[in-house]
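Source: prediction; values computed, not measured. A note on names: the letters A, B, ... follow the listed sequences, proteins ahead of strands, and every chain is numbered from 1.
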Amino acid sequence: MKIKIKCFSQVKYAFGKDELKMELEAGTSTSELEKMIRAKAKGKLDDISLRVAVNQKYLPNEIELKDGDEVAFIPPVQGG
Amino acid sequence: MKIKIKCFSQVKYAFGKDELKMELEAGTSTSELEKMIRAKAKGKLDDISLRVAVNQKYLPNEIELKDGDEVAFIPPVQGG
Amino acid sequence: MIKIEISEGPIPFFLNDDSRQQDGAELIFNGRVRATEHGDSITALEYEQYEGMAEAELIQLAKDTCQKFPIHDLFCKHRIGKVDVGETSLHVVIWSKHRQEGIDAMSWFIIELKKRVPIWKWAILEDGSRIPSECSHD
Amino acid sequence: MIKIEISEGPIPFFLNDDSRQQDGAELIFNGRVRATEHGDSITALEYEQYEGMAEAELIQLAKDTCQKFPIHDLFCKHRIGKVDVGETSLHVVIWSKHRQEGIDAMSWFIIELKKRVPIWKWAILEDGSRIPSECSHD
C-alpha cells in the first residue's frame, strides 16, 4: 500500500523534504512506521518526541494504516 | 481652623454638594470629623464604609487636622 | 516606562508598535460599559474622579506594578465623564518579554485600581435619573 | 462566536467595536517576534503550518475554550511565513461579560495552542541560515 508522509520542522530538516512517499506492507502500524522513519533519519530524530497524526487527526493509540493514508510525525509544536 | 471637605459619589449624593467648608476647633482629628460628617448626613452614610484622605493622600491612621487641610471621606471606589 | 492619562471624551487607543526587539507579549485590556448595572438598565455611566489624587494614585499603582512584575511598560488611559454603553472607559496596555508575567501584571493592576484609585461611577438610568452606583463592580 | 484565520503577511487587527451591550471586558493578546530565540540573535522567524490540520485544530481549540469558559467571542489570527522581529505572529481577542473569565480563557487558549496546533518556527539567523527552532517557547 502507498502512504504519504508529511514532514514538518525537525522531520523536514532531517530529511530535507516536505513529503516522503513509501510503499508499505498491508497491516503496517503507525508505530512500525515511526520506527522505520526514525531509522531512516539516522539518529537525527533520536531526541525528538513525535506525535502521530493520520489524515490530519492526532491519534491517541497505534492503528493499522490503510492504502492512501496521509501520515505526519509531529515534533513539538511551537505556534504563538 | 478652616477645613475643606471634598465630596464624591455617595457623600456628594448625601449632601448634594461637591464641597463642604467647616470651621473646626484646633486639634480636631480625622475620626472626630468623620463622626460629624456621618451625623450631618442623617443616616444616609450609615451603611457606607469611608476611607479618609487628607491633602489627597490616604491615611492609614487617625491624625489631627491642621488649618487649611483638604479632607475627603472616600466611599468604595469603582474605577475601571 | 509608564504612561497614565485620565481624560474626558472617547479614548484613542495607543498606537501599534512593531519596533520592539525584546517584548514578545503585548496584552491589552479594554473595560467597556455594559447596559446593566446591578440589575438596572442603564444608558451610560458617568465616571467621577478626585481630580489630582486619582492621577497620583494611578501613577503610583503603575509604578508598583512595574516593580512587582517583570514587565517593561504599562500604559493606561481612564476616561471620566459620561461613557455610553459599549464604549471603553479603561484602556491598559502591558508589554513584557513573555506572556505570563503580562497576564499576572494586568490582573493585579486592575484589581488594585478598583481598590484604591479614587474614581466612581454614576449610573444614568433609562428615565434619565443619575444615581451613584451602589457597589464596586468585579 | 469564533473567527479563526491563518494567513501570510502582516496581521490586520480586528476592528474596534463599541456596539456591544453586555461585554464589559475585551482582552487582546499580540504575540510578537523577539530578536532572540533560545539565546541566538535572529532577524525573523518563519512560521510553518500543517495546512488544513492547523486550522482545524485551531477552530476546535477555540470551540473548546468557549465551552470551558463563559466567554462570548474568541477571534484569532495566526500569521505564517516570515515574520520580522517586532511584528505580530498571533493576535487573539476575547470578549466576555467580566474581566476574570476573559483572562482565564486567554491564558488557557494560548497554553493549549502551544501544545496542539501544528505550527512550527524556523529561526532565521543573522548570517541568513534557517534552522528549526529547538523547543517550544513559553
Side-chain angles (χ1 to χ4, degrees), chain A residues 2-22 29-31 33-34 36-63 65-80, chain D residues 4 6 11 29-34 37-38 42 45-62 76-81 83 88-92 106-123 129-138:
Chain A
K2 287 186 201 311
I3 299 291
K4 183 163 78 177
I5 297 158
K6 302 282 282 180
C7 305
F8 301 102
S9 185
Q10 281 132 327
V11 179
K12 184 191 277 186
Y13 196 62
F15 295 116
K17 284 181 185 173
D18 286 349
E19 207 172 290
L20 304 173
K21 286 187 173 154
M22 288 178 78
S29 73
T30 48
S31 60
L33 179 57
E34 182 178 338
M36 289 180 221
I37 290 293
R38 286 189 181 275
K40 202 175 163 74
K42 299 195 173 104
K44 289 181 197 157
L45 296 175
D46 285 2
D47 297 331
I48 295 166
S49 69
L50 299 172
R51 293 168 75 185
V52 64
V54 174
N55 299 326
Q56 309 207 351
K57 290 215 173 6
Y58 288 117
L59 292 185
N61 301 111
E62 178 175 19
I63 59 160
L65 294 164
K66 299 184 308 293
D67 186 52
D69 277 346
E70 176 180 305
V71 183
F73 292 101
I74 295 193
V77 302
Q78 303 159 326
Chain D
I4 295 295
I6 298 178
I11 291 179
F29 175 76
N30 294 324
R32 293 173 179 270
V33 173
R34 294 198 304 116
E37 182 77 1
H38 307 305
I42 62 165
L45 286 176
E46 190 173 321
Y47 285 85
E48 176 186 22
Q49 68 163 324
Y50 188 166
E51 201 169 341
M53 184 172 170
E55 189 174 286
E57 286 290 323
L58 201 49
I59 290 170
Q60 187 56 50
L61 171 57
C76 173
K77 296 189 186 189
H78 200 305
R79 182 168 170 187
I80 51 157
V83 185
T88 296
S89 53
L90 174 67
H91 177 57
V92 187
M106 181 67 83
S107 192
W108 189 79
F109 176 76
I110 300 174
I111 287 169
E112 289 293 308
L113 185 155
K114 289 172 182 289
K115 280 187 201 164
R116 55 162 132 152
V117 178
I119 292 177
W120 299 268
K121 300 187 295 191
W122 296 69
S129 62
R130 186 174 166 282
I131 54 166
S133 184
E134 276 184 24
C135 55
S136 60
H137 65 189
D138 46 15

Taking [X] for the side chain and [Y] for the main chain, is one N or O donor matched with an acceptor at less than 3.5 Å?
X	Y	value
D:H78	A:G79	no
D:Y50	A:A72	no
A:Q78	D:S133	yes
D:E48	A:S9	yes
D:W120	A:I74	no

Mind ranking D:T88, D:V33, D:L113 by heavy-atom pairs under 4.5 Å with chain A and telling me who comes out on top?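 Heavy-atom pair counts peak at D:L113.
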Given heavy-atom pairs under 4.5 angstrom as the criterion, report whether the side chain, backbone, both or neither of D:E51 touches chain A.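 Just its backbone gets close to chain A.
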Measure across A:V77 and D:V117 and return the closest heavy-atom pair with its distance rounded to 0.1 Å.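 Taking A:V77 first and D:V117 second, the nearest heavy atoms are CB-O, 3.3 Å.
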Side chain to side chain contact (heavy atoms under 4.5 Å, CB included) for A:F8 and D:Q49? Distances and angles first, verdict last. CA-CA 8 Å; A:F8 301 102; D:Q49 68 163 324; over 6 Å; no
Can you tell me if CG on A:D67 sees more than 12 non-hydrogen neighbours from other groups inside 6.0 Å?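 Yes, the 6.0 Å shell around CG holds more than 12 heavy atoms from other groups.
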Take atom CD of A:E62 as the centre, draw a 6.0 Å sphere, and report whether it contains more than 12 heavy atoms from other residues, nucleotides or ligands.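 Yes, because the 6.0 Å sphere around CD of A:E62 holds more than 12 heavy atoms from other groups.
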May I have the step-by-step check of side chain to side chain contact (heavy atoms under 4.5 Å, CB included) for A:K57 and D:M53, ending in yes or no? CA-CA 7 Å; A:K57 290 215 173 6; D:M53 184 172 170; 5.8 Å; no
Is there a side-chain contact between A:Y13 and D:R130 in this structure, where contact means two heavy atoms from C-beta onward sitting under 4.5 Å apart?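 Side-chain contact under 4.5 Å: no.
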